[in-house]
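Per chain, numbering begins at 1; letters A, B, ... match sequence-line order. No hydrogens, no waters, no symmetry mates; every other heavy atom, side chains included, goes into these values.
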2 protein chains.
Amino acid sequence: MLMSQPRHTPITTPQAPPAARPGKVGRPRKSALPETGALGRERIFQAALALIDAQGLAAFGIRGLATQLGVAPAAIYWHVASREDLVYGALSIALADVAQAMPPGSWQLRIQTVLRRFRATLRQHPHLAPAVANELGCNATLDTALMEHIVAALEEAHFDGQALVDAVNVVVAAMCGFATLELSTAPAGPDSAWGQACRAQVEGIDPARCPALARHQSELANHAFLMRWTGGMDNPLDTGFEAWVDVLIGGLEARSRVLLEARES
Amino acid sequence: MLMSQPRHTPITTPQAPPAARPGKVGRPRKSALPETGALGRERIFQAALALIDAQGLAAFGIRGLATQLGVAPAAIYWHVASREDLVYGALSIALADVAQAMPPGSWQLRIQTVLRRFRATLRQHPHLAPAVANELGCNATLDTALMEHIVAALEEAHFDGQALVDAVNVVVAAMCGFATLELSTAPAGPDSAWGQACRAQVEGIDPARCPALARHQSELANHAFLMRWTGGMDNPLDTGFEAWVDVLIGGLEARSRVLLEARES
DNA sequence: ACCTGAACACCGTTCAAGT
DNA sequence: ACCTGAACACCGTTCAAGT
């Protein structure tokens with residue numbers, strides 16, 4: 001029984017990673033590539049998204065995805081580089097139609113539409129909310145149509161040069177920021193030990209140390225970030241989001257005015 | 001050799017979780033509690049933060065933390081409920097002094113200060129950026145002093161009732177949103193395969209399908225969210241952040257004006 | 001009250017081998 | 001080109017036992 005476990009050998013030199021596998025990064029998608037196998041990246045990502053939607057991000061794994069697809073776990077690695085690649089792929093197809101068929105109208109209305117659509121789409125896949133910031137901070141795989149809409153709208157608002165780049169970043173951050181925070185779910189159920197503790201801390205605010213907070217405690221409790229114990233699906237912050245959109249548009253308009261006046265003088 | 005592996009028994013009824021351990025959630029911190037042990041939550045969180053800063057969030061684990069503390073892995077579980085608890089604790093102490101010693105001044109200036117401080121603090125612990133949205137969406141463990149400052153500033157700006165709650169959420173989302181997105185790191189090194197692919201896609205933008213995007217391609221490349229292949233530490237978006245702050249303040253001012261006018265009539 | 005040893009039940013990933 | 005079997009090297013977490 002001493003020699004029956006060759007596993008768990010403690011020391012091995014980690015061999016250098018082998019030459020890149022096919023679908024390592026990006027999707028060349030030459031559109032002429034055979035895709036003869038029964039699997040294929042698209043089917044894998046769809047299944048991954050369905051599984052994440054059903055069970056959450058933490059419970060999602062390659063082994064579960066493999067059984068879902070009726071395939072050996074290792075098979076997935078022929079099409080995809082890593083687990084991270086999978087959630088990124090799932091996020092990509094989930095957000096694919098945010099930019100579809102933008103309605104005509106003022107630049108303000110079009111930017112409002114982008115924000116509202118993003119939030120609505122993320123609400124259909126709330127378990128992906130934690131992945132948005134991680135995966136979307138830098139990458140260009142998201143449909144370029146979305147960026148085109150944003151840039152075109154900001155051009156119309158007279159942004160140009162560095163000011164345009166800045167405005168683009170402001171809009172993208174606004175698009176992601178609120179919904180991501182709103183939908184990041186609580187660790188446990190409605191009245192878990194965690195929820196109770198959170199609630200108790202809010203209710204135990206000291207009016208001496210935090211007078212302003214204490215004054216509005218009852219309105220803020222469970223309705224403000226950092227002071228709520230219910231997730232964004234059960235307890236949406238609708239009016240807060242509308243205020244967010246309003247502040248963004250108002251701030252952009254003010255900035256656009258300043259820009260125009262500086263240009264005239 | 002058949003009977004030598006009692007491990008990996010496939011089917012076991014998952015026993016109900018035992019009665020809550022001491023440091024399960026929140027920190028009662030009666031301040032009279034002995035804290036006689038050599039460990040203690042504070043020391044554990046400090047060590048966790050140091051480890052996350054050094055190695056990143058993905059590489060951080062309980063086993064590594066245990067060896068760092070010169071202790072058995074299981075020892076940590078007497079003080080802390082889970083790995084998630086650890087990163088949350090680390091984030092809490094990392095952000096602890098965002099609200100320390102707020103300078104006097106107009107409400108606009110104070111809100112600007114909150115945003116700038118949050119970003120500066122997160123830049124000192126960039127590996128925690130992905131955890132911000134996940135852990136900060138709902139919880140009240142963050143120093144209430146921060147919320148007090150925000151609420152007090154917005155009161156001064158004449159927000160009240162639901163409009164105040166909305167404004168608080170707007171400010172908190174703004175505080176977290178930009179910096180989180182900016183600092184979420186690229187999966188790999190500067191010119192990895194991933195970076196190359198990202199760059200290629202940006203440079204391959206089709207001027208026929210995306211005319212506005214193509215017009216500003218050179219300025220946007222590697223300087224805008226979704227179009228950059230360098231992380232926020234090496235490649236900060238300083239002017240974008242200032243625009244963000246500017247838009248927020250401008251938008252809040254406009255909303256405040258509307259509120260006042262409605263109240264006068 | 002606090003910590004150790006040792007195991008349990010998983011992971012993601014690799015790699016030779018199949019077809 | 002695409003997939004399987006089987007293993008490797010880890011995980012987080014639990015639990016009886018120590019002190």
Worksheet item: How would you list, by chain and number, every residue that makes a side chain to side chain contact (heavy atoms under 4.5 Å, CB included) with A:Ala174, sequence neighbours excluded?
Response: A:Leu115, A:Trp244, A:Leu248, B:Trp244

Worksheet, complete the sentence: Those residues at least two apart in sequence (or on a different chain) that pass side chain to side chain contact (heavy atoms under 4.5 Å, CB included) with A:Thr67 are none

Response to the item:
Closest to the side chain of B:Arg83, out of C:dG12, D:dT13, C:dT4, is D:dT13

Worksheet item: Of all the choices, D:dT4, D:dT14, D:dC3, which nucleotide is nearest to the side chain of B:Tyr77 once you look at every atom?
Response: D:dT14

Fill in: Short side-chain N/O contact from B:His79 to OP1 or OP2 of C:dC3, under 4.0 Å
yes

Worksheet item: By side chain to side chain contact (heavy atoms under 4.5 Å, CB included), which residues pair with B:Gln124, not counting sequence neighbours?
Response: none

Worksheet entry | side chain to side chain donor-acceptor pair (under 3.5 Å) involving A:Arg199 - partner list, sequence neighbours excluded | A:Glu203

Worksheet item: Once you round it to whole Å, what is the distance between C1' of C:dC2 and CH2 of B:Trp78?
Response: 6 Å

Discussion item. Once side chain to side chain contact (heavy atoms under 4.5 Å, CB included) is applied, do any residues pair with A:Pro236, and if so which ones, sequence neighbours excluded?
Written reply: A:Arg119, A:Arg123, A:Glu182, A:Asp238

Worksheet item: What's the spacing between B:Leu95 CG and B:Leu146 CG if we round to 0.5 Å?
Response: 8.5 Å

Worksheet item: With A:Phe241, which residues qualify under ring-ring contact (aromatic ring centres under 6.0 Å, His included), at least two apart?
Response: A:Phe178

Practice prompt. Would you mind reading off the distance between B:Asp85 atom CG and D:dT13 atom C1', rounded to a whole angstrom?
Written response: 14 Å

Item to complete: To the nearest Å, give me how far apart CG (B:Leu86) and C1' (D:dT13) are.
Response: 12 Å

Item to complete: Using whole Å, report how far CD1 of A:Ile76 lies from C1' of D:dT4.
Response: 13 Å

Worksheet, complete the sentence: The correct set of residues in residues 49-72 of chain B placing a heavy atom under 4.0 Å from DNA chain C is B:Arg63, B:Val71, B:Ala72

Worksheet entry | Pairs involving residues 46-55 of chain A, ordered by first then second residue, that meet side-chain hydrogen bond (donor to acceptor under 3.5 Å, both in side chains) (sequence neighbours left out) | A:Asp53-A:His125

Discussion item. Could you write out DNA chain C as dot-bracket? Rules: Watson-Crick or G-U wobble, both distances under 3.5 Å, brackets [ ] for crossings, | for pairs with another strand, dot for unpaired.
Written reply: ||.|||||...|||||.||

